[in-house]
Amino acid sequence: MSELKKFQVQSARPLPIIVLADTSGSMTMDGKLDALNKGLKDMLTSFAGESRLRAEIQVSVITFGGTAAVNLPLTPAHQLEGFTPLTAEGSTPLGAALSLASDMIEDKECIPSRAYKPVVVLVSDGLPTDSWQEPFARLANGERSSKATRFAMAIGSDADEAMLGDFANDLEAPLFRAENASDIHRFFRAVTMSVSARSQSATPNQATPLQIPSADDQDWEF
């Protein structure tokens with residue numbers, strides 16, 4: 001390994017991206033799950049090719065459908081060897097998913113102190129079916145998790161827009177409302193561009209605007 005390569009590997013600091021993905025039964029309707037899977041796959045593929053000069057993008061996916069689980073532990077994007085599509089069933093235990101995200105961010109063995117501020121992305125199409133207020137307060141006010149940038153997308157008309165709106169904490173990126181599969185793709189492209197810009201910036205701890213691309217030519221109404 002060249003001296004330059006050694007320097008790049010040693011100097012890159014983790015940039016954690018945690019996706020909270022609603023995989024409740026309602027996501028199987030109207031192509032929502034297919035659009036979510038495509039958006040995630042494209043995002044991970046893009047992250048895998050990013051430069052690691054200053055920041056190493058690391059990704060985790062926490063699903064909440066029936067139960068909440070760490071579907072993908074925090075992993076450097078360039079080490080991912082493909083994407084296993086998510087499946088959906090059951091209720092919407094958002095509170096349990098928020099607790100898993102808080103635990104992950106506060107765990108210094110999982111996310112070291114030298115890491116850049118995390119990005120947490122919440123995607124949901126319905127109402128939480130467990131107690132979520134206390135876990136959300138812990139995420140929003142935690143010693144480390146309070147510093148995270150939070151983006152949110154409401155899918156369809158049944159999403160809890162009040163909760164999702166409170167979750168999103170970037171004044172330049174309020175709650176994004178997806179009315180069709182094209183919108184879901186646009187949201188994930190915007191997240192991809194924002195995170196990629198941060199990873200290449202001279203100041204990766206500084207949030208970058210979430211710029212939603214123009215609508216695709218083809219729409220799928222929910």
Side-chain angles (χ1 to χ4, degrees), residues 10-24 40 43-44 47 50 52 54-80 86 91-124 128-153 160 162-175 188 191-192 194-196 198-199 201 203-208 210:
Q10 292 168 358
S11 64
R13 293 165 56 184
L15 174 54
I17 315 300
I18 302 171
V19 179
L20 305 178
D22 185 343
T23 53
S24 60
L40 279 172
M43 182 179 73
L44 295 178
F47 286 164
E50 287 296 335
R52 302 191 300 279
R54 291 189 179 88
E56 177 184 75
I57 298 174
Q58 299 185 356
V59 185
S60 176
V61 178
I62 296 174
T63 56
F64 52 104
T67 59
V70 179
N71 179 274
L72 173 66
L74 199 63
T75 305
H78 71 278
Q79 294 180 7
L80 294 173
L86 305 180
S91 56
T92 314
L94 173 64
L98 292 171
S99 292
L100 288 173
S102 291
D103 292 344
M104 184 180 296
I105 295 173
E106 299 299 335
D107 184 353
K108 293 183 180 180
E109 292 187 4
C110 181
I111 299 179
S113 298
R114 66 188 296 269
Y116 292 115
K117 297 176 183 177
V119 176
V120 185
V121 182
L122 173 59
V123 177
S124 182
T129 54
D130 64 351
S131 178
W132 60 270
Q133 291 88 347
E134 184 176 338
F136 174 57
R138 187 159 71 94
L139 178 71
N141 300 309
E143 179 182 355
R144 307 176 79 206
S145 58
S146 62
K147 300 177 176 64
T149 297
R150 303 192 304 266
F151 298 134
M153 173 169 59
D160 188 340
M163 176 274 294
L164 291 166
D166 287 342
F167 182 89
N169 68 349
D170 188 330
L171 296 179
E172 296 187 20
L175 174 64
F188 274 103
V191 171
T192 301
S194 174
V195 172
S196 296
R198 270 189 65 182
S199 74
S201 168
T203 54
N205 256 341
Q206 184 174 341
T208 56
L210 196 68

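Quantities reported herein were computed from a predicted structural model and do not represent experimental measurements. This chain uses plain numbering: 1 for the first residue, then up along the sequence.
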Inset, instruction - Could you tell me whether the side chain of S199 and the main chain of S196 form a donor-acceptor pair under 3.5 Å? - result: yes
Inset, instruction - Taking side-chain hydrogen bond (donor to acceptor under 3.5 Å, both in side chains) as the test, write out the residues that go with S131, two or more places apart. - result: none
Legend entry - Contacts of type side-chain contact (heavy atoms from CB on, under 4.5 Å), residue S91, not counting sequence neighbours: P93, T129
Legend entry - Stepwise side-chain contact (heavy atoms from CB on, under 4.5 Å) test for F64 and D130: CA-CA 11 Å; F64 52 104; D130 64 351; over 6 Å; no
Legend entry - Heavy-atom closest contact (G95 atom, P135 atom, distance): O-CB, 3.4 Å
Legend entry - Set of residues satisfying salt bridge (charged side-chain N to carboxylate O under 4.0 Å, His left out) with respect to D103, sequence neighbours excluded: R138
Legend entry - Gap separating the CZ atom of F151 from the CG atom of L164, nearest 0.5 angstrom: 14.5 Å
Inset, instruction - Output every pair passing salt bridge (charged side-chain N to carboxylate O under 4.0 Å, His left out) with a member in residues 56-65, not counting sequence neighbours, ordered by first then second residue. - result: none
Inset, instruction - Please examine the side chains of S60 and P16, heavy atoms only from C-beta on, and report whether any two atoms are closer than 4.5 Å. - result: no
Inset, instruction - Hey, could you give me the OH/CD1 distance between Y116 and I57, rounded to the nearest 0.5 Å? - result: 12.0 Å
Inset, instruction - Please identify each residue that fulfils side-chain hydrogen bond (donor to acceptor under 3.5 Å, both in side chains) with E134, with sequence neighbours left out. - result: none
In a table with atom names and distances, give each donor-acceptor pair under 3.5 Å that connects a side chain of residues 65-80 to protein atoms at least two apart or in another chain.
from: T75; atom 1: OG1; to: P73; atom 2: O; distance (Å): 2.7

Inset, instruction - Go through the structure and list residues passing side-chain contact (heavy atoms from CB on, under 4.5 Å) with T23, not counting sequence neighbours. - result: T63, L86, A88
Legend entry - Reported CG-to-CG distance for the pair L122 and L98, which is rounded to 0.5 angstrom: 7.0 Å
Legend entry - Side chain proximity check, V120 to F167, heavy atoms < 4.5 angstrom: yes
Legend entry - Set of residues satisfying side-chain hydrogen bond (donor to acceptor under 3.5 Å, both in side chains) with respect to S194, sequence neighbours excluded: T208
Legend entry - For the student: nearest non-hydrogen atoms of D166 and R150, plus distance: O-NH2, 3.8 Å
Inset, instruction - For residues E50 and V195, determine if any side-chain heavy atom of one lies less than 4.5 Å from a side-chain heavy atom of the other. - result: no
Inset, instruction - Measure across S124 and T92 and return the closest heavy-atom pair with its distance rounded to 0.1 Å. - result: OG-CG2, 4.4 Å
Inset, instruction - Decide yes or no for Q206 and S201: does some side-chain heavy atom of the first lie under 4.5 Å from some side-chain heavy atom of the second? - result: no
Inset, instruction - Just jot down the side-chain contact (heavy atoms from CB on, under 4.5 Å) partners of S145, sequence neighbours excluded, or say none. - result: I105, E106, L139
Inset, instruction - Identify, with sequence neighbours excluded, every residue that meets side-chain hydrogen bond (donor to acceptor under 3.5 Å, both in side chains) alongside S99. - result: none
Legend entry - Between CG on residue L94 and CD on residue Q133, distance to nearest 0.5 Å: 9.5 Å
Legend entry - Donor-acceptor contact below 3.5 Å, side chain T203 vs main chain N205: no
Legend entry - Min side-chain heavy-atom separation V19-M43 under 4.5 Å: yes
Inset, instruction - Looking only at non-hydrogen atoms, find the nearest pair between D160 and P128 and report the distance. - result: OD2-CD, 3.7 Å
Legend entry - Any donor-acceptor N/O pair, N169 side chain to A148 backbone, under 3.5 Å: yes
Inset, instruction - Considering non-hydrogen atoms only, spot the tightest contact between R198 and P118 and give its length. - result: NH1-O, 4.4 Å
Inset, instruction - Applying side-chain contact (heavy atoms from CB on, under 4.5 Å), name anything that partners K108, two or more places apart in sequence or on another chain. - result: S113, R144
